[in-house]
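Inspection log for the structure reproduced underneath, given as structure tokens.
Within every chain, numbering begins at 1; the chains are lettered A, B, ... in the order of the sequence lines, protein sequences first and strands thereafter. Model, not experiment: these values are computed from the prediction. Excluded from the calculations below are hydrogen atoms, water molecules and symmetry mates; all remaining heavy atoms, backbone and side chain alike, are included.
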Protein chains: 2
Amino acid sequence: MHQAHPALRQPVTAADRVLQEIQRAIVEGDIAAGSKISEPELARRFDLSRAPLREALARLERCHLIERIPNAGARVVTLSTTGLLALYQLRENLEGLACKLAAEHMTDAEITEVRQLLDQHLSSQRVREGESYYQEAGDLDFHYRVILGSKNSYLINILCDELYYLVRMYRVQLGMNGPRVSRAFDEHKAIINAIANRDGELADLLMRRHIAASRRNIELQLQQMGT
Amino acid sequence: MHQAHPALRQPVTAADRVLQEIQRAIVEGDIAAGSKISEPELARRFDLSRAPLREALARLERCHLIERIPNAGARVVTLSTTGLLALYQLRENLEGLACKLAAEHMTDAEITEVRQLLDQHLSSQRVREGESYYQEAGDLDFHYRVILGSKNSYLINILCDELYYLVRMYRVQLGMNGPRVSRAFDEHKAIINAIANRDGELADLLMRRHIAASRRNIELQLQQMGT
DNA sequence: TAGGCGCATATTGTCGACAATCTACCTTTT
DNA sequence: AAAAGGTAGATTGTCGACAATATGCGCCTA
């Protein structure tokens with residue numbers, strides 16, 4: 001049997017469990033951005049020893065949610081405009097590539113599934129006008145599918161395991177709901193159409209634009225906050 | 001003082017030291033590709049306890065040199081054609097992006113340094129005609145500089161910390177010396193020229209071609225080995 | 001004889017304690 | 001009074017032992 005992707009795999013070890021809990025806590029701001037991580041404190045809080053906790057911290061560092069300095073401890077990352085732009089710069093390129101590869105490698109069945117997913121989103125989105133969480137979850141779901149469709153394990157690993165938690169953290173903590181909801185759906189549709197037509201070049205272009213639009217939207221919000 | 005990049009930072013902790021040793025051992029095939037990793041054995045071999053060893057293993061997994069399965073242990077990665085192609089596919093894109101960004105962000109001083117580096121390589125390469133190791137080291141050095149020049153920390157992290165050990169492993173173990181030595185130098189020159197001219201688009205294109213050429217070279221060698 | 005079950009062994013995951021290092025406050029000196 | 005040094009406290013890094021899980025062999029059964 002084919003091994004499920006690590007990100008989707010359910011936790012089997014104590015380190016896995018505490019990793020997911022801390023990940024959620026950091027992403028949702030339950031543990032404040034920029035705050036110092038105390039190993040003894042977290043160990044007490046989650047009721048386990050420091051060994052599995054440190055294993056979890058190592059993986060948190062891997063997905064850029066914390067930064068560690070030897071003998072000095074770990075801090076939760078601080079969110080910044082420059083950091084966000086650097087992250088989206090990379091996303092634009094990597095997800096563009098993912099689209100191009102998805103156009104080559106996705107099966108017709110997988111494409112059909114994504115289309116069904118979008119139809120689902122559309123109907124549920126009509127009901128919950130502008131409710132940001134569902135939009136976000138749906139958006140991430142779409143992007144996940146396309147990324148997995150690239151069939152490039154390194155690319156999948158980077159996007160799904162290492163970058164997306166940070167993307168979500170920015171979205172949640174800077175409140176990126178915005179008025180892009182319905183427009184994003186149309187863009188998703190156009191992207192999956194290009195993939196279905198096996199037009200990798202177009203899919204690449206559309207995805208880059210899609211993410212660039214999202215990035216501009218974020219920049220505007222940040223600018224307004226700054227004033 | 002600005003913190004040096006992790007990859008270049010000298011080891012301060014026992015886990016750091018053993019990480020570098022095992023990294024080297026795996027990359028150079030001293031620990032065979034595909035072989036099982038025994039924690040107790042390695043702990044004895046490097047004369048430390050399993051705690052720092054496991055820390056090192058976590059980081060080895062991060063740079064794709066080993067694969068771990070919970071409760072079942074770790075194996076050194078197996079080298080494959082499909083894996084190599086997936087890796088280079090990503091490199092092409094990411095280093096292309098790095099070039100584009102380097103054209104925007106590298107200082108004139110940094111560009112001058114890279115040019116001096118290339119001149120050094122050229123002279124030392126004339127002496128050691130076709131000696132593959134030095135070529136490789138020089139090549140990596142050039143790529144490192146350009147990547148750092150992108151000034152995008154996420155991109156730097158992915159390329160220098162997560163992907164390059166595996167690239168080196170393929171190069172060393174599949175013996176990628178080849179006749180591309182002098183041609184590669186010319187390509188490097190062209191790339192740094194484009195960066196110096198602040199022509200990001202061209203630098204991107206040239207770097208993609210440069211890596212694609214390297215990839216085709218590898219494919220040929222693999223094909224010949226397969227027959 | 002082939003296949004499946006169960007136990008012995010070995011390996012990984014986790015724990016609590018100790019050692020090494022850093023941080024912060026206080027003292028001392030110019 | 002400001003700066004440098006030292007010391008106490010806390011935190012991280014490392015260790016050895018125990019618990020939980022997987023691997024492999026022998027045995028039993030069909």
**Request:** Flag the pair B:Arg145 and B:Glu110 as a salt bridge only when some basic side-chain nitrogen lies within less than 4.0 angstrom of an acidic carboxylate oxygen.
**Result:** no
**Item:** Members of residues 36-46 of chain A that approach DNA chain D, where some heavy atom sits under 4.0 Å away
**Value:** A:Lys36, A:Ile37, A:Glu39, A:Pro40
**Prompt:** Is the shortest side-chain N to carboxylate O distance from A:Asp161 to B:Arg62 below 4.0 Å?
**Reply:** no
**Prompt:** Got a salt bridge between B:Arg215 and B:Glu219, using NZ or NE/NH1/NH2 to carboxylate O under 4.0 Å?
**Reply:** yes
**Message:** Is any side-chain heavy atom of A:Leu65 closer than 4.5 Å to one of A:Val76?
**Reply:** no
**Prompt:** Which whole-number value in Å describes the distance from A:Ile66 CD1 to D:dT12 P?
**Reply:** 11 Å
**Fill in**
The answer to which of A:Asn71 and A:Leu48 contacts DNA chain C further toward the 5' end, by nearest nucleotide, is A:Leu48
**Request:** Indicate yes or no: at least one non-hydrogen side-chain atom of A:Leu97 is less than 4.5 angstrom from one of A:Ser150.
**Result:** no
**Item:** Stretch residues 49-57 of chain A: residues that reach within less than 4.0 Å of DNA chain D through a heavy atom
**Value:** A:Arg50, A:Arg54
**Request:** Scan side-chain atoms only and decide if A:Arg91 and A:Tyr164 contain a donor-acceptor pair under the 3.5 Å cut-off.
**Result:** yes
**Prompt:** Would you call A:Asp119-A:Arg115 a salt bridge at under 4.0 Å N-O?
**Reply:** no
**Request:** Rounded to the nearest angstrom, tell me the gap between atom CD1 in B:Ile69 and atom P in D:dT21.
**Result:** 17 Å
**Message:** Could you check whether B:Glu162 and B:His64, counting side-chain N and O atoms only, form a donor-acceptor pair closer than 3.5 Å?
**Reply:** no
**Prompt:** Quick one: is D:dT14 close enough that its OP1 or OP2 comes under 4.0 Å of any side-chain N or O from B:Thr13?
**Reply:** yes
